Number of protein chains: 2
Amino acid sequence: MTAPGTLYGLGVGPGDPELITLKALKRLKAVPVIAYPAPSEGPSIARGIVADHLPGGQQEIAVRMALDAKQFPAEEVYGPAADAIAEHLDAGRDVAVLCEGDPFFYGSFMYLFERLAGRHRIEVVPGVSSPMACAAVLDAPLAAGNDVFVVLPAPLDEELLAARLAGAEAAAIIKVGRHLEKVRRVLERLGLLDRARYIERATMTQQQVRPLDQVEPPAPYFSMVLVHRRGQAWR
Amino acid sequence: MTAPGTLYGLGVGPGDPELITLKALKRLKAVPVIAYPAPSEGPSIARGIVADHLPGGQQEIAVRMALDAKQFPAEEVYGPAADAIAEHLDAGRDVAVLCEGDPFFYGSFMYLFERLAGRHRIEVVPGVSSPMACAAVLDAPLAAGNDVFVVLPAPLDEELLAARLAGAEAAAIIKVGRHLEKVRRVLERLGLLDRARYIERATMTQQQVRPLDQVEPPAPYFSMVLVHRRGQAWR
């Protein structure tokens with residue numbers, strides 16, 4: 001009987017191909033099968049990050065999202081993807097799922113993990129996350145000392161965003177996208193507009209750093225606002 | 001005239017030498033001078049993480065902390081260290097400061113950064129942070145979807161810890177150390193004890209994962225409690 005394969009959740013980092021870890025790279029090159037999230041049509045960002053590192057000859061599973069993530073039940077995408085991956089694992093083939101940033105930090109890997117954990121051996125290789133990448137690009141410390149640091153998804157309700165932001169010294173507001181104007185209102189209310197920095201696609205070739213008041217909504221999905229009460233004003 | 005050197009803040013990751021990025025490794029090997037935090041006596045953890053990667057022949061600056069960090073003013077340690085680094089930069093030599101985890105995420109690099117920024121060219125290479133490393137080791141997703149995720153330094157006041165923890169779906173309580181019993185009380189009050197996982201020195205060779213009620217205080221400095229309201233109970 002063949003020993004079952006291992007599922008690797010590989011953090012490939014925020015975008016710059018050099019921000020992958022040695023460990024993820026080693027696993028990536030060793031597995032016979034890779035899987036990655038992809039849009040309904042066109043190339044996968046996660047695969048693009050590691051494209052130059054791929055040894056060739058690997059089987060590939062593109063986990064394609066529907067055009068509007070809100071209009072499809074996750075089961076329709078992740079169910080079949082998990083089944084396809086499980087088939088390889090049962091046949092003794094290791095599978096690496098490529099994850100932008102870190103697999104367990106707001107990643108879609110979670111949907112595969114919850115379907116496959118328990119039944120299969122899983123190893124997660126942590127990766128460099130986008131808040132850290134954004135801070136590095138912006139030359140702006142994220143948190144220090146006894147700061148309370150909070151990660152706030154921008155789709156949250158305006159009042160909740162304001163309350164949680166008020167209770168922290170520093171924050172990363174993620175998934176800004178079409179919530180840009182709400183985020184600006186919240187920052188203005190709290191007097192934090194000049195402590196906020198906007199960045200999109202950090203460390204990717206299309207990276208953009210702009211003053212928050214010069215961003216045209218909607219922002220892209222891969223956009224973030226970093227805030228620090230003691231941080232420098234926009235330079 | 002010699003062109004001035006660049007100061008690199010290199011995230012070397014949480015402890016496993018393979019969790020360094022390709023980028024940090026490249027910079028590490030290229031610079032003539034490295035600097036790193038170290039205890040008042042004995043070896044530096046940050047240097048230990050990269051020891052096998054060092055090319056040899058580099059000048060080294062150990063930034064030695066006093067025995068009790070609370071009893072010394074930062075200026076006495078970081079002032080002279082920043083001066084020593086600046087001397088190399090002015091002479092045209094690049095200097096890499098080795099940072100456990102990520103340089104801008106609760107790192108002591110901040111103290112050098114605030115003394116040298118503006119006067120010198122600085123580039124930060126982000127690294128894998130300890131919350132992500134802990135989540136990977138614990139096989140426990142850190143945050144997903146529209147979770148509010150908060151990082152709470154355990155030295156904070158008990159009431160503040162409780163309030164901030166109550167306002168988040170997921171949390172990483174860092175710097176647990178001698179605050180272990182306070183952290184346990186807060187978790188118990190909020191009914192989160194069975195949603196909390198304790199880990200120390202994640203990805204290092206001395207890594208320990210233990211049920212929270214079996215940890216003898218004080219915990220080491222490199223210890224963390226991860227909490228998720230929807231997370232699985234301790235397995």
Side-chain angles (χ1 to χ4, degrees), chain A residues 9 11 13-14 16-26 101-111 113-114 117 122-129 131-137 139-156 160 163-164 167-168 170 175 203, chain B residues 9 11 13-14 16-26 101-111 113-114 117 122-129 131-137 139-156 160 163-164 167-168 170 175 203:
Chain A
D16 179 342
E18 289 198 317
L19 289 177
I20 193 171
T21 64
L22 301 186
K23 189 165 206 163
L25 189 60
K26 190 167 84 174
D102 176 84
F104 277 161
F105 188 74
Y106 297 95
S108 62
F109 178 68
M110 217 88 59
Y111 300 110
F113 177 79
E114 67 184 13
I122 301 184
E123 183 187 318
V124 168
V125 178
V128 174
S129 285
M132 289 76 188
C134 289
V137 169
D139 254 341
L142 210 54
N146 286 336
D147 285 346
V148 171
F149 171 73
V150 67
V151 180
L152 294 171
L156 289 173
L160 185 64
R164 296 300 173 261
K175 305 182 184 183
T203 85
Chain B
D16 179 342
E18 288 199 317
L19 288 176
I20 192 171
T21 63
L22 301 185
K23 191 166 204 162
L25 188 60
K26 191 167 83 174
D102 176 86
F104 276 161
F105 189 73
Y106 296 96
S108 63
F109 178 68
M110 218 87 61
Y111 300 110
F113 177 80
E114 67 184 14
I122 301 184
E123 183 188 316
V124 168
V125 178
V128 174
S129 285
M132 289 75 188
C134 289
V137 169
D139 254 342
L142 210 55
N146 285 335
D147 285 345
V148 171
F149 171 72
V150 68
V151 180
L152 295 171
L156 289 173
L160 185 64
R164 296 297 173 262
K175 305 182 184 183
T203 85

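Labels below follow one simple rule: chain letters A, B, ... track the order of the sequence lines, proteins then strands, and each chain is numbered from 1. The structure displayed is predicted, hence computed values, not measured ones.
In terms of heavy-atom pairs under 4.5 angstrom with chain B, the leader among Asp16(A), Leu19(A), Leu25(A) is Leu19(A). For the options Asp102(A), Val148(A), Asn146(A), heavy-atom pairs under 4.5 Å to chain B are most numerous at Asn146(A). When the candidates Gly145(B), Pro14(B), Gly11(B) are compared by the number of heavy-atom contacts under 4.5 Å with chain A, Gly145(B) comes out ahead. If you tally non-hydrogen atom pairs under 4.5 Å between each of Ala143(A), Gly167(A), Gly101(A) and chain B, the highest count goes to Ala143(A). Top candidate by heavy-atom pairs under 4.5 Å with chain B, chosen from Thr203(A), Val124(A), Val128(A), is Val128(A).
Minimum interatomic distance between Asp139(B) and Phe113(A) (heavy atoms only, all atoms of both residues): O-CZ, 3.4 Å. For the residue pair Pro126(A) and Ala136(B), the shortest heavy atom distance occurs at CD-CB, 3.7 Å.
When atom types are taken as modelled, the side chain of Tyr106(A) and the backbone of Leu142(B) share no donor-acceptor pair closer than 3.5 angstrom.
From Phe104(B), atom CZ reaches atom SG of Cys134(A) across 12.5 Å, with rounding to the nearest 0.5 Å.
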N/O donor to acceptor pairs below 3.5 angstrom from side-chain atoms of residues 149-156 of chain B, sequence neighbours left out:
none

Pair Ile20(B)-Thr21(A), side-chain contact (heavy atoms from CB on, under 4.5 Å): steps then yes or no: CA-CA 5 Å; Ile20(B) 192 171; Thr21(A) 64; over 6 Å; no
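Only the side chain of Met110(B) comes within contact range of chain A, with at least one heavy atom under 4.5 Å from a heavy atom of that chain.
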